[in-house]
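This report concerns only the one structure given below.
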Amino acid sequence: MTVLITGAAGAIGTDLTQSFAAAGVPLRLLDRRRPPSIPAGAGYVNADLRDPQAITEAAAGTSAIIHLAGNTQNAPFPDVVEHNITGTYNVLEAARHHRIPRVVLASSHHAAGLRPTDQAPDESVAFAPDSFYGVSKVTMEALGFLYAHKHGLSVVALRIGSYRPRPNEPRHRATWLSPRDAFTLIQAAATRTLPVPFLTVYATSANTERWWPRDGWEELGYHPQDNAADHPSPGPITEPWRGGIYAEQSAGVAEHQTSPTKGSP
């Protein structure tokens, strides 16, 4: 199968590209910025998520889309809508047009980040967005649900935790997702036969401390190997909200806005 990765030049996209290539999976990489390394045999498409024709053309002939691209910062609302919501709509429309059987959406734990850090683990995937960015991820999931049930796509929305080589903040004791576990989970989400059309899954490593349910892990055959507790402790959790700084920022404030094609939620 050929897998289309949007946001291929972002942090997750760059690592994922190398892991999929090492596994022998044919790739097509999409980003407005050329990825730092393009494996032999992989195709590169310079395209903007806001261009529906370009996205539809890029998706032709693929068997799965891993949608990582988007504005990864808490930007002003119009920017978030344009890149994260309209961009996701264009990706799902391309999948519908070409009858692509599987779409993996990079949602985020910020879709439920406005929950207290001292609250017991949630046993549902209800939303509690902590920012406009979080709102865009809730909307992404809603679009995925719609296209799965109304247009026959198979969609997995991954609420990605804190993707880092190693945990380096107190909240990472619960939110950390290692690169190794990320590849295992995303590969499963792109290939595993699903019992339902749409699945929302929290994407973390097997951290001893946890804030979210692990629903969907068994359906995807996901058995993470890493645990934040195996690393030096980054200190006690003092932040009041699970979303960290996003939950504390004023709405619409973007202090460190990045390229709208970096896929690292």
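Not measured: the values here are computed from a predicted model.
Take Glu209 and apply the salt bridge (charged side-chain N to carboxylate O under 4.0 Å, His left out) test, not counting sequence neighbours, and it matches Arg173. Scanning for ring pair (Phe, Tyr, Trp, His ring centres under 6.0 Å) contacts around Phe145 gives His149, Phe198, with sequence neighbours left out. With sequence neighbours excluded, the residues forming a side chain to side chain contact (heavy atoms under 4.5 Å, CB included) with Arg180 are Ser178, Gln225, Asp226, listed by chain and number. Residues passing the salt bridge (charged side-chain N to carboxylate O under 4.0 Å, His left out) test with Glu93 are Arg96, sequence neighbours excluded. Residues forming a side chain to side chain contact (heavy atoms under 4.5 Å, CB included) with Ala206 (at least two apart in sequence, or on another chain): Pro224.
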Exercise for review: Applying side-chain contact (heavy atoms from CB on, under 4.5 Å), run through Trp212 and His109 and close with a yes or a no.
Suggested key: CA-CA 9 Å; Trp212 305 300; His109 67 285; 3.4 Å; yes
Review point. Where do His231 and His172 land on the side-chain contact (heavy atoms from CB on, under 4.5 Å) test, with the steps shown first?
Key: CA-CA 11 Å; His231 293 260; His172 292 174; over 6 Å; no
**Study point:** Test side-chain contact (heavy atoms from CB on, under 4.5 Å) applied to Glu141 and Thr200, step by step
**Key:** CA-CA 8 Å; Glu141 294 178 14; Thr200 300; 4.0 Å; yes
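Judged by distance alone, the side chains of His67 and Thr88 do bring a donor and an acceptor atom under 3.5 Å apart.
Closest heavy-atom contact between Ala106 and Ile160: CB-CD1, 3.9 Å. Considering all non-hydrogen atoms of both residues, His83 and Leu49 come closest at O-CD1, 3.8 Å. When every heavy atom of Ala75 is checked against every heavy atom of Asn71, the shortest pair comes out as CB-ND2, 3.7 Å. The heavy-atom pair separating Ala64 from Ala190 by the smallest distance is CB-O, 4.1 Å. The shortest non-hydrogen separation linking Leu4 to Ala59 is CD2-CA, 3.9 Å. Minimum interatomic distance between Tyr89 and Tyr147 (heavy atoms only, all atoms of both residues): CE1-OH, 3.3 Å.
With a 4.5 Å cut-off on side-chain heavy atoms, Ser107 and Leu158 do not count as touching.
Put simply, the side chain of Arg34 never gets that close to the backbone of Tyr44: no donor and acceptor are under 3.5 Å apart. With Arg164 contributing its side chain and Trp176 its backbone, the two residues share no donor-acceptor pair below 3.5 Å. Looking only at distances, no side-chain donor or acceptor of Arg159 sits under 3.5 Å from a matching main-chain atom of Val201. No donor-acceptor pair under 3.5 Å is formed between the side chain of Trp211 and the backbone N or O of Gln119.
Exactly one of Leu30, Val91, Ile5 qualifies for a side-chain contact (heavy atoms from CB on, under 4.5 Å) with Ile65. That residue is Val91. Screening Thr117, Thr175, Ile237 against Pro170 for a side-chain contact (heavy atoms from CB on, under 4.5 Å) leaves a single residue, Ile237.
Considering CG of Leu153 and CZ of Arg102, their distance stands at 10.5 Å, rounded to 0.5 Å. A distance of 9.0 Å separates CG of Leu105 from OG1 of Thr6, quoted to the nearest 0.5 Å. A distance of 4.5 Å separates CZ in Arg171 from OG in Ser162, rounded to the nearest 0.5 Å. Rounding to the nearest 0.5 Å places CG of Asp79 at 9.5 Å from CG of Asn84.
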Which atom pairs, one a donor and one an acceptor, fall under 3.5 Å between side chains of residues 8-22 and the rest of the protein, sequence neighbours left out?
residue : atom : partner : partner atom : Å
Thr14   : OG1  : Ala9    : O            : 3.4
Thr14   : OG1  : Gly10   : O            : 2.8
Asp15   : OD2  : Tyr163  : OH           : 2.6
Thr17   : OG1  : Gly13   : O            : 2.8
Ser19   : OG   : Asp15   : O            : 3.3

